[in-house]
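See below for the structure under consideration.
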Amino acid sequence: MYRGILATRPDAELHQFAVAHLRSETEHLTFFDDLQCCYRPSLLLPLWRLAGFLTGWLPALVGNQAVFATIEAVETFVDEHYRDQINVLMPHVMREPERKVLAGFEYCRLEEVHHRDDAKQRSSLSKPLYLRLWMHLVRIGSQIAVKFAKAV
């Protein structure tokens with residue numbers, strides 16, 4: 001998403017926001033790349049990258065408020081998704097390496113919560129109807145994407 005935002009050559013506030021969040025998202029990708037010995041990466045990764053780019057690029061064409069609403073919606077879903085995964089893994093964590101992986105999940109989750117809260121603070125308190133509908137669509141799209149990824 002953040003690369004899509006940056007591709008629109010945003011104003012200084014949005015540029016700073018996207019660069020800072022992209023930095024931590026890149027760290028998250030490194031964490032998960034290091035775990036590839038333990039799981040099969042999604043076969044749909046190219047599609048997810050394109051979808052992520054467009055999910056940042058399209059709102060950035062509309063304006064900062066659309067971007068902040070999008071990030072708030074996505075990161076709300078991501079927080080819930082991480083929590084669900086952590087809750088599934090927690091009863092099976094017995095050894096130190098597993099505890100480190102779980103701690104990494106929690107670290108990533110908390111950074112996503114920070115992204116959500118940062119976007120929420122920057123957005124207007126009352127969102128127009130089109131943004132509320134967009135946020136709902138983004139959350140549904142995120143849910144469908146995860147279900148589809150699990151099936152493939």
Side-chain angles (χ1 to χ4, degrees), residues 1-6 14 17-60 62 64-127 129-152:
M1 288 185 306
Y2 299 108
R3 292 183 199 284
I5 294 166
L6 292 170
L14 196 51
F17 173 87
V19 167
H21 289 225
L22 178 60
R23 192 174 306 121
S24 63
E25 295 295 349
T26 302
E27 291 173 11
H28 299 177
L29 286 174
T30 300
F31 169 74
F32 284 103
D33 283 346
D34 291 346
L35 292 177
Q36 282 190 11
C37 62
C38 304
Y39 72 95
R40 176 187 58 81
S42 174
L43 300 173
L44 302 171
L45 196 55
L47 177 63
W48 302 147
R49 289 184 191 275
L50 175 62
F53 181 89
L54 291 173
T55 304
W57 183 72
L58 290 171
V62 174
N64 292 14
Q65 290 302 308
V67 169
F68 299 141
T70 302
I71 300 302
E72 183 182 340
V74 168
E75 300 299 21
T76 297
F77 170 78
V78 171
D79 172 34
E80 294 165 1
H81 183 59
Y82 268 120
R83 270 194 268 155
D84 290 345
Q85 292 177 319
I86 290 168
N87 289 338
V88 167
L89 294 173
M90 185 78 73
H92 307 289
V93 172
M94 306 242 179
R95 297 173 297 160
E96 183 60 26
E98 295 160 339
R99 283 193 288 274
K100 286 183 179 179
V101 169
L102 201 59
F105 273 52
E106 180 64 8
Y107 176 81
C108 291
R109 186 189 74 78
L110 290 174
E111 285 200 333
E112 304 297 0
V113 167
H114 168 71
H115 294 177
R116 179 201 62 208
D117 293 348
D118 186 18
K120 195 172 188 174
Q121 284 180 332
R122 294 171 188 256
S123 68
S124 61
L125 291 177
S126 62
K127 293 177 178 58
L129 179 60
Y130 80 92
L131 278 184
R132 292 194 312 267
L133 291 172
W134 172 249
M135 290 174 75
H136 184 69
L137 180 64
V138 167
R139 284 184 54 89
I140 289 171
S142 298
Q143 292 167 347
I144 291 169
V146 167
K147 287 179 182 175
F148 193 61
K150 288 179 180 179
V152 173

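This one's a predicted model, so the numbers in the text were calculated from it and none came from an experiment. In this chain, residues are counted from 1 in sequence order.
- Nearest approach of Ser123 to Phe68, heavy atoms of both residues: CB-CB, 3.9 Å.
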Taking distance alone, no hydrogens or angles, what donor-acceptor pairs closer than 3.5 Å link side-chain atoms of residues 103-110 to residues at least two apart or in another chain?
{"from": "Glu106", "atom 1": "OE1", "to": "Arg109", "atom 2": "NE", "distance (Å)": "3.0"}
{"from": "Glu106", "atom 1": "OE2", "to": "Arg109", "atom 2": "NH2", "distance (Å)": "2.9"}
{"from": "Tyr107", "atom 1": "OH", "to": "Glu111", "atom 2": "OE2", "distance (Å)": "2.8"}
{"from": "Arg109", "atom 1": "NH1", "to": "Asp79", "atom 2": "OD1", "distance (Å)": "2.6"}

For a quick test of your reading: what N or O donor-acceptor pairs under 3.5 Å do the side chains of residues 138-152 make, sequence neighbours left out?
{"from": "Arg139", "atom 1": "NH2", "to": "Glu80", "atom 2": "OE1", "distance (Å)": "3.1"}
{"from": "Arg139", "atom 1": "NH2", "to": "Glu80", "atom 2": "OE2", "distance (Å)": "3.4"}
{"from": "Ser142", "atom 1": "OG", "to": "Val138", "atom 2": "O", "distance (Å)": "2.9"}

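- Within 6.0 Å of CZ in Arg49 there are 12 or fewer heavy atoms belonging to other residues, nucleotides or ligands.
- When all heavy atoms of Met94 and Pro91 are compared, the closest pair comes out as CE-O, 4.4 Å.
- Here the closest heavy-atom approach between residue Ala18 and residue Ile5 is recorded as CB-CG2, 3.9 Å.
- Contact annotation: the side chain of Asp84 never approaches that of Val88 to less than 4.5 Å [non-hydrogen atoms, C-beta and beyond].
- Between Pro59 and Ala66, the closest heavy-atom pair is O-CB, 3.5 Å.
- In this structure, Phe17 and Ile71 have side chains that are in contact, with non-hydrogen atoms separated by less than 4.5 Å.
- Atom CG of Leu50 is separated from atom CG of Leu44 by 12.0 Å, given to the nearest 0.5 angstrom.
- In this structure, Tyr130 has no ring pair (Phe, Tyr, Trp, His ring centres under 6.0 Å) partners at least two apart in sequence or on a different chain.
- Summarising the geometry, atom CZ belonging to Arg116 is positioned 12.0 Å from atom NE2 belonging to His21; distances are rounded to the nearest 0.5 Å.
- In this structure, the side chains of Met1 and Glu25 stay at 4.5 Å or more apart for every pair of heavy atoms.
- A 4.5 Å side-chain heavy-atom check between Gln85 and Tyr82 finds at least one atom pair inside the cut-off.
- For the side-chain hydrogen bond (donor to acceptor under 3.5 Å, both in side chains) test with Asp118, the passing option among Arg122, Lys120, Gln121 is Arg122; the others fail.
- In this structure, the separation between CD on Glu112 and NE2 on His114 is 10.5 Å, given to the nearest 0.5 Å.
- With sequence neighbours left out, the side chain to side chain contact (heavy atoms under 4.5 Å, CB included) criterion links Glu96 to Arg99, Lys100.
- You'll find the side chain of Glu72 reaches within 4.5 Å of the side chain of Met135, heavy atoms only.
- Shown here are the ring pair (Phe, Tyr, Trp, His ring centres under 6.0 Å) partners of His81, two or more places apart in sequence or in another chain: Phe77.
- Scanning both residues, Ala69 and Leu131, for their nearest heavy atoms gives CB-CD2, 4.1 Å.
- Partners of Trp134 according to the side chain to side chain donor-acceptor pair (under 3.5 Å) rule, which considers only residues two or more places apart in sequence or in another chain, are Thr70.
- Here the CG atom belonging to Leu102 is positioned 6.0 Å from the CG atom belonging to Leu89, to the nearest 0.5 angstrom.
- The line from OG1 of Thr30 to CG of Asp34 is 6.5 Å long, rounded to the nearest 0.5 Å.
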